[in-house]
Amino acid sequence: MPVVTAPYKPGTPCWVDLMARDQQAALDFYRDLFGWQGEVGPPEFGGYAVCSLNGKPVAGIMAQTAPEGQPVPPVAWTTYLASDDAEATGRAIADSGGTILYPVMDVGTVGRMLVAADPTGAVFGVWQKVDFLGAGVVNEPGALVWNELNTTDTDAAGRFYHQALGLRPATIQGMEGYYSLNVGERTVGGMQPVAEYLPDGTPPHWMTYFSVDDTDSTVDAVVKAGGSVIQPPFDIQSGRMAVVRDPQGAVFAVTAAPESQMPDS
């Protein structure tokens, strides 16, 4: 199993979490779908649940809440990018044309975080580790395998992530219109124009991909559990994927694509 032990390099996707209307129902759904174990957390952390796969942290699930006077966030998966200094990253985000939605906050002794939107409107988080690295297992069925920015302006988004977070976009031979996002020489994610396989009007966003053994059977399981299909299983260069919606409306992708590799440190 690809277990993560070293800190993620700055700019690398390192964690994902879900904002759900019904936290327990979401915990039950993903337990049945991916084999995750998790329970509602302590009140001092807002009940935040750290889900695990074979004993390693894999993703978070929290109840849909918002600070007083703020709009309630949508039911959605959020991608977090690693930082060595969340305060400095927040300043770089603002200076590069992004918008800070939730400023830097301490999360007990586990880390520091913020939530922001890039200039095209895609929302993402920033995570500075203290005691908690982020995902402890990746590239394994049931675990995070890829994070992909879908945007209305790849040029503007590429400049922003390079300036603010050190993510360098690069073209990929044989995949016109698709870009890798790189930390140094290592590919850590992808970027493309808002995908043709998504409904018209889909706003810019970061898509979370989970690895599965069998894309088709996983999609069947999503539907049987009350979810829905946005894009049925289809073949891509690296394998077979689908885009689905969980029973509460959160969108994510599943892929049986062993060639797709999320960096494990």
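Each residue takes its place number in the sequence, starting with 1.
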Specify the closest pair of heavy atoms between A122 and W206, including all atoms of both residues, with the distance to one decimal.
CB-CD1, 4.2 Å

Value rounded to 0.5 Å, distance of CG in D216 from CZ in R240
4.0 Å

For a quick test of reading the model, state the closest non-hydrogen atom pair linking V130 to G111 and the distance between them.
CG2-CA, 3.6 Å

Looking only at heavy atoms, what is the nearest atom pair of V110 and W127, with distance?
O-CZ2, 3.3 Å

Measure the shortest side-chain to side-chain distance between T154 and Y178 over non-hydrogen atoms and say whether it is less than 4.5 angstrom.
no

Answer yes or no: is there a side-chain heavy-atom contact under 4.5 Å between Q64 and V75?
yes

For a side chain to side chain contact (heavy atoms under 4.5 Å, CB included) with Y80, tell me which candidate from V126, N147, D17 qualifies.
D17

Return yes if some donor-acceptor pair links the side-chain N/O of R168 with the main-chain N/O of G184 below 3.5 Å, else return no.
yes

Would you indicate whether the side-chain heavy atoms of F234 and M241 approach each other to under 4.5 Å?
yes

Sub-3.5 Å donor-acceptor pair from the side chain of Q128 to the main-chain atoms of A86, do we have one?
yes

side-chain hydrogen bond (donor to acceptor under 3.5 Å, both in side chains) filter on R31, not counting sequence neighbours, yields D28

Identify the heavy atoms of A143 and V137 that sit nearest to each other, and give their distance.
CB-O, 3.7 Å

Just checking, is any N or O donor in the side chain of Q192 or N150 under 3.5 Å from an acceptor N or O on the other one?
yes

Would T187 and W146 satisfy side chain to side chain contact (heavy atoms under 4.5 Å, CB included), going step by step from the backbone distance to the final call?
CA-CA 10 Å; T187 296; W146 191 245; 3.7 Å; yes

Atom OG1 in T89, atom CG in D84: separation rounded to 0.5 Å?
8.0 Å

Over 60° means perpendicular and under 30° means parallel, so tell me whether W77 and Y30 are parallel, tilted or perpendicular.
perpendicular

Which heavy atom of A157 sits nearest to which heavy atom of M191, and what is that distance?
CB-SD, 4.0 Å

Would a 4.5 Å heavy-atom cut-off, applied to side chains only, mark F124 and L165 as touching?
yes

Tell me, yes or no, whether the heavy-atom count around E176 atom CD, taken from other residues, nucleotides or ligands under 6.0 Å, exceeds 12.
no

Treating W36 as the side-chain partner and G142 as the backbone partner, does any N or O pair qualify as donor plus acceptor under 3.5 Å?
yes

Near-ring test F132/W15, centroid separation under 6.0 angstrom
yes

Show every salt bridge (Lys or Arg N to Asp or Glu O under 4.0 Å) that has at least one partner inside residues 100-118, sequence neighbours left out.
E87-R112, D106-R112

Which one of D246, I230, L144 satisfies the side chain to side chain contact (heavy atoms under 4.5 Å, CB included) criterion with F252?
D246

Determine, using ring centers only, whether Y179 and Y161 are less than 6.0 Å apart.
no

With a 4.5 Å cut-off on side-chain heavy atoms, are N139 and S211 touching?
no

For a quick test of reading the model, state the closest non-hydrogen atom pair linking A26 to Q248 and the distance between them.
N-NE2, 3.5 Å

For the atom pair CZ (R245) and OG (S228), what is the distance rounded to the nearest 0.5 Å?
4.5 Å

Side chain to side chain contact (heavy atoms under 4.5 Å, CB included) for L167 and V183? Distances and angles first, verdict last.
CA-CA 5 Å; L167 279 167; V183 171; 3.8 Å; yes

Less than 4.5 Å apart, any side-chain heavy atom of C51 and any of L27?
yes

Rounded to the nearest 0.5 Å, what's the gap from CD on E39 to OG on S52? Could you check?
9.5 Å

Between D153 and T120, a side-chain donor and acceptor under 3.5 Å:
no

Please check if the side chain of Y8 supplies one atom and the backbone of A135 the other of a donor-acceptor pair under 3.5 Å.
yes

pair V251-T202: side-chain heavy atoms closer than 4.5 Å
no

For the residue pair H205 and L198, establish whether any side-chain heavy-atom pair is separated by less than 4.5 Å.
yes

Look only at the side chain of Q37 and the backbone of N54, and say whether a donor-acceptor pair between them is shorter than 3.5 Å.
no

Taking atom CD1 of I100 and atom CD1 of I93, what is their separation to the nearest 0.5 Å?
4.5 Å

